[in-house]
Amino acid sequence: MSGLDYDTVARFAQQGGTLYFGAVFVAGLIYALWPKHREAFRRLSHLPLEKDEDDHV
């Protein structure tokens, strides 16, 4: 065989997927913690606590 059996492909997909999603997570974390974005995230974090002009209850 050529060496591409199910176990080899499955192991590659698991390791590659873990590395890919780990890199995406780290990139998102760096973006969220970047000092330039601090004020925007602080403002957005208080948005659910603000009272709306027109409450839809």
Side-chain angles (χ1 to χ4, degrees):
M1 249 177 140
S2 67
L4 284 178
D5 56 349
Y6 175 78
D7 292 329
T8 304
V9 173
R11 189 177 318 117
F12 175 76
Q14 290 171 354
Q15 293 173 350
T18 300
L19 291 174
Y20 173 75
F21 286 114
V24 169
F25 176 78
V26 169
L29 191 63
I30 289 171
Y31 175 80
L33 296 177
W34 202 260
K36 175 182 168 184
H37 302 148
R38 180 176 294 147
E39 186 58 38
F41 281 115
R42 184 173 293 135
R43 189 178 71 248
L44 290 172
S45 70
H46 293 291
L47 192 60
L49 303 174
E50 292 178 3
K51 182 157 176 65
D52 269 347
E53 292 284 329
D54 46 332
D55 283 331
H56 301 288
V57 178

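Values reported hereafter were calculated over all heavy atoms of this structure, with side chains retained and with hydrogens, waters and symmetry mates removed.
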*For L4, does its backbone N or O pair with a side-chain atom of T8 as donor and acceptor, under 3.5 Å?*
no

_Rounded at 0.5 Å granularity, tell me how far CZ in R43 sits from CG in L47._
8.5 Å

_Side-chain hydrophobic cluster, 4.5 Å single linkage: members besides L49_ = none

Could you pull out all donor-acceptor pairs under 3.5 Å where a side-chain atom in residues 20-42 meets a protein atom, sequence neighbours excluded?
{"residue": "H37", "atom": "ND1", "partner": "Y31", "partner atom": "O", "Å": "2.9"}

